[in-house]
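Before any comments, here is the structure.
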Amino acid sequence: MNVTQKILSAHLVSGELIPGSEIAIHIDQTLTQDSTGTMAYLQFEAMGIPRVKTEKSIAYIDHNTLQTGFENADDHKYIATVTRKHGVYLSKPGNGICHQVQLERIGKPGKTLLGSDSHTPTGGALGMIAIGAGGLDVAVAMGGGAYYLSCPSVVNVRLTGRLQRGVAAKDVILELLRRLSVKGGVGKVMEYTGPGVKTLSIPERATIANMGAELGATTSVFPSDEVTEAFLKAQGRAEDFAPLAADEDAAYEETVEIDLSALVPMVALPHMPDNVKTVEEAGPIRVDQVCIGSCTNSSYLDMMRVAAILRGKTVHPDVSLVIAPGSRQVLSMLSANGALHDMIEAGARICETACGFCIGMGQSPCTNAVSVRTNNRNFFGRSGTKSAGIYLVSCETAAATALAGVLTDPRGVDADLSVDMPATFLYNDNLIIPPATEEEAPQVEVVRGPNIKPFPQADALEQSLHGKLLLKMEDNITTDHIMPSDSSLLPFRSNIPKLSEHCLAPVDPTFPARAKEAGGGFLLAGANYGQGSSREHAALVPLYLKIRGVLAKSFARIHRANLINNGILPLEFVNESDYDRFDPSDEIALENIRQLIAGGAETIPVTNVTKAFTIPMTLALTPRQRRMILAGGLINMTRQG
Ligand code: MIC
Ligand code: SF4
């Protein structure tokens, strides 16, 4: 067996490990963060389960930390009290970005982790099966329910050689994105093997596993070896280590070979993470801003290399350099060893250990800016400045660029880039608050501020569905298009009516008003619809706007599951060319849809009433998903028992 099969089979609750078939797995650990967590805990409360049943569940506060009004703080208070009551640990704001802290303090080889954040696969660096999902799926897992997914096929990413000086783990995953695209990993686990694995530290493996999300992969996983053991020991967690490797004769559905020695610094150009070139090919583009941090690149190792490049130098006069270390542990170590001093003296603006710029919570660049960043997504508008272009690079490239003022290949920098992994990290868990005991829990009062509004719930599916096609969209529409998130909108993650005013506005600002006026309808999209974030809001808000179904060439994994969980139909074209036969405002009819789904039909006739034709569309639902759609979503189905 390969590592993926070993972990999945040890957690299998139902189904067989046949790629494409539905399996259910037991979940050992869960994580939430604050921008998806409020909704996940409201849903957990709606399920009426008094205490979580996982080995460890933890709630992080790391996304909405600007607190420009009472809204974020209200959400924090709610999360702090609801978690205390129901048996969930709380990582306070300031403790760091969920994936970085999970890696340092919580993750364990061989375990399963489900997180309400698409970059949960970062945990794959420790040899876990760590999967991102919608908040509702995470709420179910907290309650002890299994997690249902389509059994992935496993890709063997065989690494040989060793990274050259100035070439980073980020360049490995950018190279994979260049080769495979943002759709290349859909339905797959990227499993890393080969002699090159041992040359990569845990933070480097984490960078690669983290950005496997941009391939659309279900998750990414590394073996658990002596490097894993040394890392856990240095975190004071030697007892959490368990070795895990693929069998000699393990089989894989596909193999991709990467020679680490042959890689060079890479950059993803605006506005897609797979729009990759070498830094040399991209050329010396003039830069306005450089941002270093995020769950992809904010480890101790990353930050020490940045400090080494900046030491004794000054940031270019036309560049604003922002650095956000990924966790309190990292920041604390940088401050203790003087590296923080080097950054500050070079002119860096040090930000809180949080998601910050990565999700547009501050640091929006100027009009038409070129912003070079170390995070994982450069989707249109995500920085908060629509006219800006975001370029994704490694920490080394970012630091070299900040000094030069133009995009710069870091292999030429005059600095010692060799960083030893510490024998002991400065760990301290005093910002991780344990929940109340079972005896104390009934006395804990859950505090709900005025920003916390009830979430919408679907009705049981009607006999037939009719409505207008409200919007026609291209390929690769992201969740940042469907439900944008920046500093003005993130405070409203627990306020669906307010968010609905901005749904799909980056595609068409008139959409929310038109959807309301029409009393709902349908959406039309190209391939890979809903890629990106796990935010359930990208389904809850369309549900609130009475969207009945999405007609698309294909869907991204998490978003498709979120639509079904909320009773919205994900329909796929049998013949992709049929997409061209639909225009905005066409009347759509799905006659006898309830009966068809109940009867197990996988092909649904979809009628374009305006143009008077009917085409077949695929509705590939498992029996469980069919029940869910008929009931009007997962919560209704759970209530029906
Ligand atoms: C993101 O990187 O897009 C986010 C913000 O972390 C999201 C979660 C969210 O939308 O709250 C994700 O990746 O799932
Ligand atoms: Fe936070 Fe950005 Fe990572 Fe999402 S991708 S968890 S916003 S740092």
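Treat the numbers as computed from the prediction; the structure is a model and nothing was measured. Along the sequence shown, residues carry numbers from 1. Whatever order the structure lists ligands and atoms in, that order sets their numbers, starting from 1.
At a 4.0 Å heavy-atom cut-off, ligand 1 touches R493 through the side chain alone. Contacts with ligand 2 closer than 4.0 Å are made by side-chain heavy atoms of H63 only, the backbone lying farther away.
What sits closest to atom 10 (O) of ligand 1 on the protein, heavy atoms only, is R535 NE, 2.6 Å. When hydrogens are left out, the protein atom nearest atom 11 (O) of ligand 1 is S35 OG, 2.5 Å; that is the closest non-hydrogen contact. For atom 7 (C) of ligand 1, the nearest protein heavy atom (residue, atom name, distance) is S533 OG, 3.2 Å. Looking from atom 6 (O) of ligand 1 to the surrounding protein, the closest heavy atom is D117 OD2, 2.7 Å. Counting only heavy atoms of the protein, atom 13 (O) of ligand 1 lies nearest to S118 OG, 2.5 Å. The protein heavy atom nearest to atom 8 (C) of ligand 1 is Q33 NE2, 3.2 Å.
Legend: residues meeting salt bridge (Lys or Arg N to Asp or Glu O under 4.0 Å) with R328, ordered by chain and number and at least two apart, are absent.
A cation-pi arrangement is present between K56 and Y89 under the rule of less than 6.0 angstrom and at most 45 degrees off the ring axis.
Remark: K453 NZ is packed, more than 12 non-hydrogen atoms of other residues, nucleotides or ligands lying under 6.0 Å away.
The heavy-atom pair separating L543 from P456 by the smallest distance is CD2-O, 3.8 Å. Heavy-atom minimum distance, A146 versus V140: O-CG1, 4.1 Å. Across every non-hydrogen atom of I58 and S91, the tightest pair is CD1-CB, 4.2 Å.
Ligand 1 has an N or O atom lying under 3.5 Å from an N or O atom of R382, backbone or side chain. The distance criterion of under 3.5 Å between nitrogen or oxygen atoms is not met by N376 with respect to ligand 1. Of the polar atoms of S485, none of the N or O atoms is found under 3.5 Å from an N or O of ligand 1, judged by distance alone.
With S320 as reference, R349 is the one residue of Q289, Q363, R349 to meet the side-chain hydrogen bond (donor to acceptor under 3.5 Å, both in side chains) rule. Screening D34, N64, D75 for a side-chain contact (heavy atoms from CB on, under 4.5 Å) with L490, the sole residue that qualifies is N64.
With hydrogens and angles ignored, the 3.5 Å screen pairs no side-chain donor or acceptor of R373 with any backbone N or O of V290.
Defined by atom type and a distance below 3.5 Å, a donor-acceptor pair is missing between the side-chain atoms of S299 and Q100. In this structure, a donor-acceptor pair under 3.5 Å is absent between the side chains of E214 and Q531.
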task = For V372 and L407, run side chain to side chain contact (heavy atoms under 4.5 Å, CB included): C-alpha distance rounded to whole Å, both residues' side-chain angles, the deciding distance at 0.1 Å, then the answer.
result = CA-CA 8 Å; V372 169; L407 188 66; 4.3 Å; yes

inquiry  = The test is salt bridge (Lys or Arg N to Asp or Glu O under 4.0 Å); show your working for R535 and D480 and say whether it passes.
reply    = CA-CA 9 Å; R535 65 188 70 139; D480 280 307; 2.9 Å; yes

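Around atom 3 (Fe) of ligand 2, the protein contributes the following N, O or S atoms under 2.8 Å, ordered by chain and number: C295 SG.
Near H63, with a cut-off below 4.0 Å to any heavy atom, the atoms of ligand 1 are 4 (C), 5 (C), 6 (O). Those atoms of ligand 1 with a heavy atom of S534 less than 4.0 angstrom away are 12 (C), 14 (O). The I359 neighbourhood of ligand 1 comprises atoms 5 (C), with distances under 4.0 Å to a heavy atom of that residue.
Residue contact annotation: M483 has no non-hydrogen atom under 4.0 Å from ligand 1.
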